[in-house]
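One structure is given below, encoded as structure tokens.
All residue numbers in this chain count up from 1 along the given sequence. These numbers were taken from a predicted model, which means no experiment stands behind them.
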Amino acid sequence: MASSVRILGTGQLLELSRKMRAAGGPRLQRNLSRRIRRAAEPLHKDLQQAIRTVQLPGSGRKKRGGPSPTTRPLRATLAGGVRISVRSGASPGARVWMDKGRLPRDLKNMPWVIDEGRVRHPVFGNRKRWSTQWARPTGWWSRTVREGMPRMTREIERITDDVRRDLE
């Protein structure tokens, strides 16, 4: 699974960036960056919604058990790690990625584990007893990116055409 989605340095974006610098247009660059961010936001929201709706059914509790050892909501924590960045300098473009820095230490690889579909973990921290949970549907990241990239690419192409017309 790719850890980020990038639309960077395409010929059109590089050409526009050079023309905007030559035209001395910081206003134009801010406008382009804002519009590129808006083009990436639907994919960002879709990824957050996808991780919030992934089901991780357990095998059910037996007679023994107790309260969860952690109080943080797993899916909301992972959704908070999905980020967007936009660059308008030498390598202009947009990037949507999972920011591991926003995740707790013990959940750094969890987005990719859930994307693969099989989550294996110790039962309530007991390393002698392990449980396997299956994520449904699998591929929350890869499937959402595959479905969202054409829309994002079309929007970026439309934006570059608009800005190119403004510069001419």
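In this structure, the side chains of Leu47 and Trp140 come closer than 4.5 Å at one or more pairs of heavy atoms. Side-chain contact between Leu56 and Val119 is present, with heavy atoms from C-beta onward closer than 4.5 Å. Within the 4.5 Å cutoff, no side-chain heavy atoms of Asp99 are placed close to those of Leu103. Between Leu74 and Met110 the shortest side-chain heavy-atom distance falls below 4.5 Å. For the pair Thr138/Glu116, no side-chain contact is recorded, criterion being any heavy-atom separation below 4.5 Å from C-beta on. Side-chain contact between Arg129 and Pro122 is absent, with no heavy atoms from C-beta onward closer than 4.5 Å.
Salt-bridge annotation for Asp46 and Arg143: absent, with no side-chain N of the basic residue lying under 4.0 Å from a carboxylate O of the acidic one.
Evaluation of the side chain to side chain donor-acceptor pair (under 3.5 Å) rule for Arg158 yields Glu155, Asp162 as partners, not counting sequence neighbours. Scored by the side chain to side chain donor-acceptor pair (under 3.5 Å) test, Asp106 finds Arg72 as partners (sequence neighbours excluded). Residues that satisfy the side chain to side chain contact (heavy atoms under 4.5 Å, CB included) test with Ser85, not counting sequence neighbours, are Arg95, Trp97. Taking Lys45 as the reference, Gln48 meet the side chain to side chain contact (heavy atoms under 4.5 Å, CB included) condition, with sequence neighbours excluded. For Thr53, the side chain to side chain contact (heavy atoms under 4.5 Å, CB included) criterion is met by Gln49, not counting sequence neighbours. When the side chain to side chain contact (heavy atoms under 4.5 Å, CB included) test is applied to Arg105, the partners found at least two apart in sequence or on another chain are Lys108. Every residue two or more places apart in sequence or in another chain that forms a side chain to side chain donor-acceptor pair (under 3.5 Å) with Arg34 is listed here: Asn31. Partners of Arg120 according to the side chain to side chain donor-acceptor pair (under 3.5 Å) rule, which considers only residues two or more places apart in sequence or in another chain, are Thr132. Applying the salt bridge (Lys or Arg N to Asp or Glu O under 4.0 Å) criterion to Arg154, with sequence neighbours excluded, gives no partner residue.
Trp112 is not connected to Trp134 by any chain of hydrophobic side-chain contacts under 4.5 Å among Ile, Leu, Val, Met, Phe, Trp and Tyr, and they are in different clusters.
For the pair Arg75 (side chain) and Val54 (backbone), a donor-acceptor distance under 3.5 Å is present. Checked by atom type and distance alone, the side chain of Arg102 pairs as donor or acceptor with a backbone atom of Gly80 at under 3.5 Å. A donor-acceptor pair under 3.5 Å links the side-chain atoms of Trp130 to the main chain of Arg127, judged by distance alone.
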